[in-house]
Trainee: 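Here you go, one structure.
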Amino acid sequence: MTGSSPVPSANFIRDIITEDIKADKNSGRVHTRFPPEPNGYLHIGHAKSICLNFGIAADYNGRCNLRFDDTNPTKEEAKYVESIIEDVRWLGFDWGGREYYASDYFDLLYGYAVQLIKKGKAYVCDLGAVEIRDHRGTLTEPGRESPYRNRPVEENLGLFDRMRAGEFEDGSRTLRAKIDMASGNINMRDPVIYRIQKAAHHRTADKWCIYPMYDFAHCISDSIEGITHSICTMEFEDHRPLYDWFLDELEIFHPRQIEFARLNLSYTVLSKRKLLQLVEGGYVAGWDDPRMPTISGLRRLGYTPESIRNFCERIGVAKRTSLVDVALFEYCIREDLNKRSPRVMVVLRPLKVVIINYPEGRTEELDAVNNPEDRDMGTRKVPFSKVLYIEKDDFREDPPKKFYRLTPGREVRLRYAYYIKCVDVIKDEETGEVTELHCTYDHETKGGDSPDGRKVKATLHWVSAADAIGCEVRLYEHLFLKPNPDDPKDEADFKEHINPNSLETLASCMAEPSLAIASPGSRFQFERQGYFCVDTVDTSQKRLVFNRTATLRDTWARIEKAARGTK
RNA sequence: UGGGGCGUCGACAAGCGGCAAGUCAGGAGAUUUUGGAUCUCCCAUUCGGAGGUUCGAAUCCUCCCGCCCCAGCCA
């Protein structure tokens, strides 16, 4: 693992593990696993689980396996396992070659099923899906036993063998555990453990036409791998009695399942189903759209693995349902990027400035520091000349209160350059829009300090027009307008809360020339604006594209907003 | 009317019978060639509610209230 991580905070799972070690369970061994189903892309919620499982293994001198829970061939694909591997690795974790698949255990699983049948604890049921549902009962009424429940062991064995041989149609029969149709826990009402699916599997191809269900496969896979602590999310709490039942009946190594609350993040959604709808409905450009909370989307947006790990550490681990403020996540990436990203000047919405007393045709190379937080990052040269661009937002003809930036007659500093004063405002005759500013500069203030000690209130970023590099910048905002688009009490479809302004593309931005060699994926702080990352997909030799990872904290924007609120 | 789980600051979250950590957000000030960063201070006399046990309760007991999950041959 690279980079620094904060000291892990206490949580109930660590408490349990510490106690288990104290009690000498598993001879003090700690072994976890991250068990994704390869049916979609990983997102920030998975990152929480990844950090938890790998983090615990690391801290207790244990191990963590990467295991693909691939028991449903109709939904799983090899492309997903590749992306999952890439993402977990990118996050900074290593599974030491222990890359396993539930499908690796299909033979063993089959054997365990036979064992259950022989023990009289499982039977082949001829009921169809609808009938099984009818027999299951409801939340408040017990179920009814299947008429096939008491088939003789030999008959079950024969039938199960024929199921595997492909003699029956999909859905015509299942293998069920014989537990208790009257249980208050619906998972214990003779759950299906094998179903017939004549579908090719991404790893075992056509070898099987029957596939084990999650409840059966998961606990046994954990057992086979010697997992000591099987950490999963709260919705599996109801499944724990079943998890324990299989292991007890089979009398094999018994890991301990522990459940924690999954992550919910404000202004986004974190369910594979909803994320899929966003992709398929064209609301975003793909799984790695920078607005997606997927690991690939966050990576493209410019988030670092360190910031994500840090975030996962800060949010903690508990059992209660919660909605984490996305501001915390943004704080984590700013904190990281503030320390390590080189600063650079880029004008997003250019306003032309002519320095009327600066010599025509002259260019100076001025020194600019790359990162005030880290002097070791050195300095660079930035060209200055008569015609410049500054940010439109940095000039106001009619300045509101507390506006420190450039206004007619006012003097401000151009970062690392000179003090300039606005002497004339040129407007479009038709629209009245300000198109150009005429300013004078003070030769004495080179570098940005005035020898006479006079102060200016603002420092602006700028770029020399003749030397500027045109580029495209994509400004992202939260994908949703509501903090909790997932709110179960909200009757509207979550897609109705999509933010129509989640992406703003600025096609004619002006960057300082040092950015000419910026490589895809590299991150910068555009001074006074935010953190930006060179887009890895759309950037080409001809086109430089930046994604805004996060804005800088913007006190002025807050003042303005507050003023608007008072009016 | 079943089963399981959870309720501590605006958001997360410690706390495990001895008198409410920390982080983010928010507010005030200092500092500043990024209205950034940094620094200082403020922000729960109270832990869903009501009783009870105890010298002492967020922590133990009882009842009540609220929220989440479960009726896939998904995971």
Side-chain angles (χ1 to χ4, degrees), chain A residues 6 9-11 15 35-37 39 69-72 74-76 125 127-129 132-133 136-143 170-176 182-189 191-197 210-211 213-215 217-218 232-241 259 261 266 272 313-332 334-335 338-339 343 345 369 372-373 402-405 413-417 419 445 447-449 456-461 483 488-489 525-530 551-559:
Chain A
S9 55
N11 67 53
D15 290 347
E37 182 190 12
N39 71 341
D69 221 330
D70 56 351
T71 57
N72 186 352
T74 62
K75 294 191 174 166
E76 296 143 9
C125 181
L127 258 25
I132 285 188
R133 184 163 64 234
R136 189 155 29 226
T138 68
L139 292 178
T140 53
E141 304 156 34
D170 281 17
S172 62
R173 269 175 246 256
T174 56
L175 182 71
R176 295 225 258 164
S183 173
N185 182 345
I186 291 173
N187 296 120
M188 301 300 270
R189 320 237 262 229
V192 169
I193 60 184
Y194 261 94
R195 77 283 216 187
I196 301 170
Q197 270 186 125
I210 56 171
Y211 293 92
M213 297 289 289
Y214 165 85
D215 288 302
H218 202 89
C232 61
T233 44
M234 292 301 289
E235 65 270 27
F236 292 102
E237 198 154 29
D238 285 346
H239 295 241
R240 194 171 65 229
E259 311 83 13
S266 64
K272 277 188 191 173
E313 190 53 55
R314 282 187 218 245
I315 57 177
V317 180
K319 297 183 79 158
R320 69 178 94 120
T321 308
S322 63
L323 180 65
V324 176
D325 193 339
V326 72
L328 212 212
F329 195 29
E330 290 166 349
Y331 172 83
C332 290
R334 287 192 190 106
E335 180 190 45
N338 174 49
K339 290 191 201 106
R343 268 111 260 218
M345 292 196 285
V369 340
E373 301 289 319
K402 291 189 185 167
F403 182 87
Y404 303 156
R405 283 110 95 145
R413 169 168 42 231
L414 292 182
R415 183 141 230 226
Y416 302 127
Y419 283 12
T445 59
D449 277 310
V456 288
K457 283 211 123 175
T459 300
L460 311 185
H461 60 280
K489 280 181 299 251
Q525 184 199 97
F526 288 3
E527 294 227 21
R528 303 206 307 132
Q529 312 206 84
T551 59
L552 244 32
R553 214 164 147 258
D554 191 346
T555 306
W556 167 241
R558 214 167 307 160
I559 292 169

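Keep in mind that what you see is a predicted model, and the values were worked out from it rather than measured. A note on names: the letters A, B, ... follow the listed sequences, proteins ahead of strands, and every chain is numbered from 1.
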Trainee: Suppose you measure atom P in B:G15 against the same atom in B:U59; what distance do you get, rounded to whole Å?
Mentor: 15 Å
Trainee: Below the 4.0 Å mark, does B:A75 have OP1 or OP2 next to a side-chain nitrogen or oxygen of A:Arg195?
Mentor: yes
Trainee: Assign A:Val456 to base, sugar-phosphate, or nothing according to its heavy-atom contacts below 4.0 angstrom with the strands shown.
Mentor: nothing
Trainee: Determine the interplanar angle of the A:Phe236 and A:Tyr214 rings, folded into 0 to 90°, and report it as parallel if under 30°, tilted if 30 to 60°, perpendicular if over 60°.
Mentor: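 If you compare the ring of A:Phe236 with that of A:Tyr214, the planes turn out tilted.
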Trainee: Roughly how many Å apart are B:U53 and B:C39, using the C1' atom of each and rounding to a whole number?
Mentor: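 The same atom, C1', in both gives a distance of 48 Å.
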Trainee: Mind checking if A:Thr71 touches a base, just sugar-phosphate, or nothing, with heavy atoms under 4.0 Å?
Mentor: sugar-phosphate
Trainee: If you only use heavy atoms from C-beta on, which nucleotide in B:G35, B:G36, B:C73 is closest to the side chain of A:Met213?
Mentor: B:C73
Trainee: What's A:Leu139 touching, base or sugar-phosphate or nothing? Going by heavy atoms closer than 4.0 Å.
Mentor: base
Trainee: Students often get this wrong, so: under 4.0 angstrom with heavy atoms, is A:Pro372 touching a base, only sugar-phosphate, or nothing?
Mentor: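 It contacts base atoms.
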Trainee: Answer with base, sugar-phosphate or nothing: what part of the nucleic acid does A:His461 contact at a heavy-atom distance below 4.0 Å?
Mentor: nothing
Trainee: Considering only B:A71, B:G3, B:A75, which nucleotide approaches the side chain of A:Arg133 most closely?
Mentor: B:A71
Trainee: Should A:Arg553 and A:Glu330 count as an ion pair when the cut-off is N to O under 4.0 Å?
Mentor: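 Judged by the 4.0 Å cut-off on N to carboxylate O distance, A:Arg553 and A:Glu330 do not form a salt bridge.
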Trainee: Can you tell which of B:A13, B:G10, B:C69 lies closest to the side chain of A:Glu235?
Mentor: B:C69
Trainee: With rounding to whole Å, what would you report as the distance between B:U8 and B:G26 at their P atoms?
Mentor: 22 Å
Trainee: Using a cut-off of 4.0 Å on non-hydrogen atoms, how would the nucleic acid contact of A:Glu37 be classed: base, sugar-phosphate, or nothing?
Mentor: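 Here A:Glu37 touches the backbone only, sparing every base.
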Trainee: For the residue pair A:Trp556 and A:Phe403, is the inter-centroid distance of their aromatic rings smaller than 6.0 Å?
Mentor: yes
Trainee: Does B:A30 have a Watson-Crick or wobble partner in any strand here, with both distances under 3.5 angstrom, and which is it?
Mentor: B:U38
Trainee: Taking the minimum atom-to-atom distance to the side chain of A:Asn185, which one of B:C12, B:C70, B:G3 wins?
Mentor: B:G3
Trainee: So what does A:Lys339 hit on the nucleic acid, given a heavy-atom distance under 4.0 Å: a base, only sugar-phosphate, or nothing?
Mentor: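 The answer is nothing, as A:Lys339 stays clear of every strand by at least 4.0 Å.
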Trainee: Of the nucleotides B:U34, B:C12, B:G15, which one has an atom closest to the side chain of A:Ala10?
Mentor: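 Out of B:U34, B:C12, B:G15, the nucleotide with an atom closest to A:Ala10's side chain is B:G15.
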Trainee: Does B:C24 have OP1 or OP2 sitting under 4.0 Å from an N or O in the side chain of A:Tyr331?
Mentor: yes
Trainee: Take the protein atom CG of A:Leu323 and the nucleotide atom P of B:A11, then report the distance between them rounded to whole Å.
Mentor: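 These atoms are roughly 9 Å apart.
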Trainee: Please state the C1' separation for the pair B:G7 and B:G48 - nearest whole angstrom.
Mentor: 6 Å
Trainee: How would you label the contact of A:Thr140 with the nucleic acid (heavy atoms, under 4.0 Å): base, sugar-phosphate, or nothing?
Mentor: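 Base contact.
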Trainee: Looking across every strand, which nucleic acid part, if any, lies under 4.0 Å from A:Leu414 by heavy atom: base, sugar-phosphate, or nothing?
Mentor: nothing
Trainee: Identify each atom pair where a protein N or O and an N or O of nucleotides 64-68 of chain B are less than 3.5 Å apart, giving names and distance.
Mentor:
none

Trainee: With rounding to the closest Å, how many angstrom separate the P atoms on B:C6 and B:C24?
Mentor: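 Roughly 29 Å separates the two P atoms.
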Trainee: Is A:Asp215 touching bases, backbone alone, or none of the nucleic acid, heavy atoms closer than 4.0 Å?
Mentor: nothing
Trainee: Considering every strand and a 4.0 Å limit on heavy-atom distances, what is the contact class for A:Tyr211: base, sugar-phosphate, or nothing?
Mentor: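 Contact class for A:Tyr211: none.
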Trainee: Side chains of residues 317-324 of chain A: which donor-acceptor pairs under 3.5 Å do they make with residues two or more places apart or in other chains?
Mentor:
| unit_1 | atom_1 | unit_2 | atom_2 | d |
| --- | --- | --- | --- | --- |
| A:Lys319 | NZ | A:Glu237 | OE2 | 3.1 |

Trainee: Are A:Val369 and A:Tyr416 packed together at the side-chain level, in the sense that at least one heavy-atom pair is separated by less than 4.5 angstrom?
Mentor: yes
Trainee: Since syn is defined as within 90° of 0, does B:G48 count as syn or as anti?
Mentor: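 That one's anti.
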Trainee: With A:Asn39, which residues qualify under side chain to side chain donor-acceptor pair (under 3.5 Å), at least two apart?
Mentor: A:Glu37, A:Lys272
Trainee: Side-chain N or O of A:Arg553 versus OP1/OP2 of B:A37: is the shortest distance under 4.0 Å?
Mentor: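 For B:A37, OP1 or OP2 has a side-chain N or O of A:Arg553 closer than 4.0 Å.
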Trainee: Of all the choices, B:A25, B:G5, B:G15, which nucleotide is nearest to the side chain of A:Lys319 once you look at every atom?
Mentor: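 Of the candidates, B:G5 comes closest.
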Trainee: Using the P atoms only, state how far B:C9 lies from B:U46, rounded to an integer number of Å.
Mentor: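 My reading of the P atoms in B:U46 and B:C9 gives 13 Å.
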Trainee: Can a side-chain donor-acceptor contact be found between A:Thr74 and A:Asn72 if the only test is distance below 3.5 angstrom?
Mentor: yes
Trainee: Between B:G26, B:C73, B:A75, spot the one nearest the side chain of A:Arg558, thanks.
Mentor: B:G26
Trainee: Any stacking of A:Trp556 on B:G35, going by centres under 5.5 angstrom and planes within less than 30 degrees?
Mentor: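 Yes, A:Trp556 stacks on the base of B:G35.
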Trainee: Judged by modelled atom types alone, do A:Thr459 and A:Arg415 share a side-chain donor-acceptor pair under 3.5 Å?
Mentor: no
Trainee: Select one nucleotide: of B:C12, B:G35, B:C16, the one nearest the side-chain heavy atoms of A:Thr459.
Mentor: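 It is B:G35.
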Trainee: Looking only at side-chain atoms of A:His239, point me to the closest of B:U34, B:A75, B:G72.
Mentor: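 Among the listed nucleotides, the one closest to the side chain of A:His239 is B:A75.
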Trainee: Could you tell me how far B:A75 sits from B:G10 if I compare only their P atoms? Round to whole Å.
Mentor: 41 Å
Trainee: Considering only the C1' atoms, how many Å lie between B:A57 and B:C16, rounded to the nearest integer?
Mentor: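 Approximately 12 Å lies between the C1' atom of B:A57 and that of B:C16.
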Trainee: Base, sugar-phosphate alone, or nothing: which one does A:Gln525 contact when heavy atoms must sit under 4.0 Å apart?
Mentor: base
Trainee: Less than 4.0 angstrom between a side-chain N/O of A:Arg136 and OP1 or OP2 of B:G72, yes or no?
Mentor: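 Yes.
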Trainee: How is A:Arg320 classified with respect to the nucleic acid when contacts are heavy atoms under 4.0 Å: base, sugar-phosphate, or nothing?
Mentor: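 Base contact.
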Trainee: Test for a donor-acceptor pair under 3.5 Å between the base of B:G35 and the side chain of A:Arg528, counting only N and O atoms.
Mentor: no
Trainee: Quick check on B:C73: is either OP1 or OP2 less than 4.0 Å from any side-chain nitrogen or oxygen of A:Arg173?
Mentor: no
Trainee: Among B:C70, B:A71, B:A13, which is the nearest nucleotide to the side chain of A:Ser322?
Mentor: B:A13
Trainee: Rounded to the Å, how far apart are A:Lys457 NZ and B:U31 P?
Mentor: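 Whole-Å distance recorded here is 12 Å.
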Trainee: Across all strands, who's sitting opposite B:A57 as a Watson-Crick or G-U wobble pair, both distances under 3.5 Å?
Mentor: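 Across all strands, not a single nucleotide pairs with B:A57.
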Trainee: Should B:C67 form a Watson-Crick or G-U wobble pair with both distances under 3.5 Å, which nucleotide is its partner?
Mentor: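 Checking every strand shown, B:C67 finds its partner in B:G5, with both distances under 3.5 Å.
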Trainee: Assign A:Asp69 to base, sugar-phosphate, or nothing according to its heavy-atom contacts below 4.0 angstrom with the strands shown.
Mentor: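 Counting heavy atoms under 4.0 Å across all strands, the contact made by A:Asp69 is with sugar-phosphate only.
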